[in-house]
Amino acid sequence: MAVSAPLDLDGPPAGQAIRLRAITKAYRSGVLALGPVDLAVRRGEFVSLLGPSGCGKSTALRLIAGLAKPSSGRIEVAAGSPSQRGHSIGFVFQEPTLMPWTSVRHNVGLPLQLAHAPAAEIARRVDAALARVDLSEFAEAYPRELSGGMKMRVSLARALVTDPDILLMDEPFAALDEITRFRLNDDLLALWRELRQTILFVTHSVFESVYLSQRVVVMSPRPGRIAAEFRIEAPEPRGEDFRTSADYAAQCREVSRALAETGSARVRG
Amino acid sequence: MSAREPSEPQPSRLTAARILRVLLPVVVLAAGIAAWDLVVRLNQIPPYILPSPGLVWQTLLADWPILSASLLATLWTTLEGFLAAALGGIALALLFNQSRWVEYSLFPYAVVLQVTPVIAIAPLLLIYLPQETAVVVCAWIVAFFPVLANTTLGLNSVDRNLVGLFQLYGASGLQTLWRLKLPAALPYILGGLRIAGGLSLIGAVVAEIAAGSAGAGSGLAYRIAESGYRLNIPRMFAALLLLSAAGIVIYGLLALLSHLLLRRWHESALGKEQE
């Protein structure tokens, strides 16, 4: 059963992929948006950051990716300096964020092209990434010819094409219908079971976070802080059986209650 | 699906609508010419006041050697002005995009150049520059601002997340420009070029008229001014007809270019194809 436990910050850095130490991020106006946050993610772990909109969870992700700088604190990513992060971090945005003017193949190959990889290697790795997301026959299609779910899978393929150790996902399935979202959740779990990257998954869906992750980190409204943590117990591999089980429902209820408490605590001041 | 079918237009009705769209303007044109002809005939208006459409056409054919040479001269000026405007506008927008200080320093003057009527600048340019250069500069002055403004807008409209993605993957400034900013700005640039095409023709005509009154030049606008002095009204109309035709062809070519470049991905081109 899920237990709210304090973070183990003294764990050996060797086994960790991401480590946030007293991270804060303030707006230009000086208002604190995030933190202080301490978070450690083990290598190969699937962690969800769950919180209401505006709690800074997306900001945390951008900080880890090196797309923004923290106001204070330290970020350690097992991926080298910010300029090298692109090679070991894959980032999936809330929107597919594809270049509409070029084909699926060129969209997926972009990270390798930017790194001046040889054409033959780009072709090989793009084919492999597209096969992983089951879009091989759409390589020459343009983004506008694809459905919302397919675009998101292209975006995922692009994040996978560099074989990253870490996947940062910013509410990637939030804009999709539920049927498509369930399918992509299962696809993502299958990928993770095979590749075992470290995944940090930002979402505002309790159900999604419990279904997908090994650990759910609940964040409070602004300024975003870690309010609770839950270890999700589930039989592997997770699938429809887990989604419909009483165990799943119970854990969702537990997480849901913690999320509600962060909100009401705020209202009570 | 079956419930939606009745509301979707039938293929035959679609073709009919398309034929009408071509046919109606042609009918209006024919009616206009017929009315013009009728007015001239019934009132027996002399050609030096209002020539009949038939006479204009005859003049166009009879004066073709002179008029075609003038047309070429005007088109050449327009093309030079347009190319200078396109390259200058895009280059300046890129410079503005790279350096805010350059933008702050120069943008007000780009606006000044735009809002000052070119007809007032043309005589001055003709004093200080050789005539051929002055004419091209006039075409450039009126045409470059839409390119500059549209390109600037396009470069500033790049998807913020795509910029982040390029940053994450360590893209160089040149890569970001070439692979992200320019393609993203392309629909805006093409919109600017379409406006610039028509404007550079206007700029060329304005400069030719200004130069023509100084007694030199060989473009179509000069022919119009010259024919006006000589009361050769049919030739004025013939030259005007050619200028309009040139404007239409320039617009059509740029619209075609825009369509070819954008048809696979941009919304503006998709609407037409699905029609």
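Below, read A as the first sequence line, B as the second, and so on, with proteins coming before strands; counting in each chain starts at 1.
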Q) Is it the side chain or the backbone of Asn161(B) that comes within 4.5 Å of chain A heavy atoms, both, or neither? A) both
Q. Where on Leu186(B) is there a heavy atom nearer than 4.5 Å to chain A: the side chain, the backbone, both, or neither?
A. neither
Q | Residue pair Phe166(B), Leu110(A): steps toward the side chain to side chain contact (heavy atoms under 4.5 Å, CB included) verdict | A | CA-CA 9 Å; Phe166(B) 272 67; Leu110(A) 176 76; 3.6 Å; yes
Q.
Donor-acceptor check, side chain of Arg264(B) to backbone of Ser103(A), threshold 3.5 angstrom: yes or no?
A. no
Q: Compare all side-chain heavy atoms of Leu162(B) with those of Phe93(A) and state whether any distance is below 4.5 angstrom.
A: no
Q) Pick from Arg158(A), His106(A), Glu145(A): which one has the most heavy-atom pairs with chain B under 4.5 Å? A) Arg158(A)
Q) When you look at CD of Gln175(B), are more than 12 heavy atoms from neighbouring residues, nucleotides or ligands closer to it than 6.0 Å? A) yes
Q: Output the distance between atom CG (Leu114(A)) and atom CG (Leu180(B)), rounded to the nearest 0.5 Å.
A: 9.5 Å
**Q.** chain A contacts, top residue of Ser172(B), Ala184(B), Ala171(B) (heavy-atom pairs, under 4.5 Å)
**A.** Ala184(B)
**Q.** Considering all heavy atoms, the nearest Leu165(B)-Phe91(A) contact
**A.** CD1-O, 4.4 Å
Q: Locate the shortest heavy-atom distance separating Tyr169(B) from Thr162(A); write the atom from each residue and the value.
A: CE2-CG2, 4.2 Å
(Q) To check you understand the geometry: which heavy-atom pair defines the closest contact between Met99(A) and Arg179(B), and what is its length? (A) SD-O, 4.0 Å
Q: With rounding to the nearest 0.5 Å, note down the distance linking CH2 in Trp101(A) to NE2 in His266(B).
A: 10.0 Å
**Q.** More than 12 heavy atoms from other groups under 6.0 Å of CD1 on Ile179(A)
**A.** no
Q.
Would you say that more than 12 heavy atoms from the other residues, nucleotides or ligands in this model lie under 6.0 Å from the OH of Tyr251(B), or not?
A. no
Q. In terms of side-chain geometry, is the basic nitrogen of Glu95(A) or Arg160(B) positioned less than 4.0 Å from the acidic oxygen of its partner?
A. no
Q) Listed by chain and number, what are the ring pair (Phe, Tyr, Trp, His ring centres under 6.0 Å) partners of Tyr104(B), not counting sequence neighbours? A) Trp101(B)
Q.
Which atoms of Leu98(A) are under 4.5 Å from chain B, going by heavy atoms: the side chain, the backbone, both sets, or neither?
A. backbone
Q. Are any of the side-chain heavy atoms of Trp265(B) and Thr102(A) separated by less than 4.5 Å?
A. no
